[in-house]
Amino acid sequence: MTPKNDLEVYVRRHLARLWLPEYEPPKPFVGPFDTGLFLRPAGQEEGVLTLQGVLGQWGLIRPGAPARKDMMQPKVVPGRKPAAPRARTTNNARIETVATSPTFRAAWNEGRRCLIPASWYQEPNWETGKNIWWQLKRADGQPWMLGGLWNEWVDPATGEVVPNFTLLTCNCDGHPLLGRLHKPDPTLPPQAQDKRAVIHIEPQDWAAWLTGTVARAQALLRPQPSEFFDQADARSTDQALALQASSG
């Protein structure tokens, strides 16, 4: 995967060219239940950690699940047409419950931590009264390496081994940048919104995240400061808010 034995340079140069084999033409992004790339430990020799790139489903599959998607049956409302079943969302795992959730606990407790490389990720901003997608990039132009968990699920019908992964999220209430994202609940105070953020792992912390103790891994589960992010979309939204205020 890394001809010049430099993973960071390789990912920076080639990540944007990653294509998803089941789509034609290739999709420019990875959505829930799409196929994406994650990196997991492949071994360690003389203190050097080797990583393996794996293409898998973004959305962890519950151990023992009968199918890739865990379908939820909607509540029956008298007098209304029954709604169609929908897939349980497993593309994100909350750090507060990851050790006890039936879907995620085995991967977490057994140390199946991974890195998910991304040129950018997007989140919704509702400050103007409508959804504006912010494309979150690093200010230095490098790719994100987002902390996640991985699993391998065996299809009971075919025997196919299906790699799969999820992103970990932490609370970011009060964060000057990330706290502006997602639609707020008007019934809750600002400090109790439970806004969520994915978690970036810096290169010097990759080994600790992938192979360290649970305590060392948990210490890395925090949002990055605002200056870590490209501010272009935040400035654009600020301009829209100023225009609204001047015209209102």
Side-chain angles (χ1 to χ4, degrees), residues 11-12 15-18 20 23 25-34 36-37 58-59 83 86-98 115-148 165-203 205 219-248:
V11 170
R12 289 181 63 185
L15 178 63
R17 302 177 186 175
L18 174 66
L20 306 180
Y23 294 102
K27 289 182 68 175
F29 59 87
V30 179
F33 302 112
D34 284 346
L37 176 70
W58 180 26
R86 59 185 181 89
R88 188 185 304 275
T89 302
T90 59
N91 53 299
N92 291 337
R94 300 166 61 92
I95 63 172
E96 295 88 349
T97 58
V98 68
L115 295 167
I116 298 102
S119 297
W120 52 268
Y121 64 93
Q122 67 180 20
E123 301 286 3
N125 176 282
W126 287 87
E127 292 173 323
T128 62
K130 62 180 181 180
N131 178 19
I132 297 176
W133 288 105
W134 282 16
Q135 194 175 95
L136 296 166
K137 301 177 181 178
R138 285 181 55 152
D140 59 13
Q142 295 187 30
W144 299 106
M145 285 292 181
L146 304 173
F165 65 97
T166 189
L167 289 167
L168 288 161
T169 69
C170 64
N171 181 283
C172 62
D173 286 346
H175 191 284
L177 182 74
L178 299 177
R180 299 176 60 181
L181 299 169
H182 299 284
K183 197 170 188 176
D185 185 339
T187 66
L188 296 174
Q191 68 273 16
Q193 290 289 319
D194 195 22
K195 299 286 187 76
R196 311 301 299 177
V198 295
I199 300 156
H200 172 69
I201 309 295
E202 281 285 84
D205 296 320
L220 301 172
L221 298 177
R222 60 186 183 275
Q224 294 294 331
S226 297
E227 57 268 23
F228 215 76
F229 295 82
D230 183 299
Q231 303 284 325
D233 285 346
R235 289 193 295 267
S236 177
T237 299
D238 289 340
Q239 291 172 358
L241 289 169
L243 183 62
Q244 275 187 350
S246 63
S247 62

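Heavy atoms only: backbone and side chains are in, while hydrogens, waters and symmetry mates are out. Please read all numbers here as calculations on a predicted model, not as lab measurements.
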Applying side-chain contact (heavy atoms from CB on, under 4.5 Å), can you list everything that pairs with [X], at least two apart in sequence or on another chain?
X	result
E202	R138, H200, Q204, D205, F228
N125	E127, W134, R180, L181, T237
P189	Q191, A192
Q135	W120, K137, D233

Got a second to check how far [X]'s [atom1] is from [Y]'s [atom2], nearest 0.5 Å?
X	Y	atom1	atom2	value
T128	L241	OG1	CG	6.5 Å
H175	R222	NE2	CZ	11.5 Å
I201	L146	CD1	CG	8.5 Å
I116	L168	CD1	CG	7.5 Å
I199	C170	CD1	SG	4.0 Å

Taking the six-membered ring for Trp, are W144 and Y121 ring centroids under 6.0 Å apart?
->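 Yes, the ring of W144 comes within the 6.0 Å limit of the ring of Y121, centre to centre.
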Do you know the tightest heavy-atom contact between [X] and [Y]?
X	Y	answer
Q224	F229	O-CE1, 3.6 Å
P190	D173	O-CG, 3.9 Å
T166	A93	OG1-N, 3.6 Å

Keeping to residues at least two apart or across chains, list the salt bridge (Lys or Arg N to Asp or Glu O under 4.0 Å) pairs with something in residues 190-201.
->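 For residues 190-201: R94-D194, E96-R196, D194-R196.
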Side-chain contact test, heavy atoms from C-beta onward, threshold under 4.5 Å: evaluate it for P117 versus L37 and give yes or no.
->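 A side-chain contact exists here, since the closest heavy-atom pair is under 4.5 Å.
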With side-chain contact (heavy atoms from CB on, under 4.5 Å) as the test, would you mind laying out the steps for I95 and T169 before giving the verdict?
-> CA-CA 6 Å; I95 63 172; T169 69; 5.9 Å; no
S247 side chain vs L243 backbone, donor-acceptor pair below 3.5 Å |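 Indeed, once roles are kept as given, a pair shorter than 3.5 Å links the two residues.
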Sequence neighbours excluded, which residues qualify as side chain to side chain donor-acceptor pair (under 3.5 Å) partners of H182?
->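 Applying side chain to side chain donor-acceptor pair (under 3.5 Å) to H182 gives E123.
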Starting from the C-alpha separation in whole Å, work towards a yes-or-no answer on side-chain contact (heavy atoms from CB on, under 4.5 Å) for Q231 and L177.
-> CA-CA 9 Å; Q231 303 284 325; L177 182 74; 3.7 Å; yes
Dump the intermediate steps for side-chain contact (heavy atoms from CB on, under 4.5 Å) on D34 and W58, then the final yes or no.
-> CA-CA 6 Å; D34 284 346; W58 180 26; 5.6 Å; no
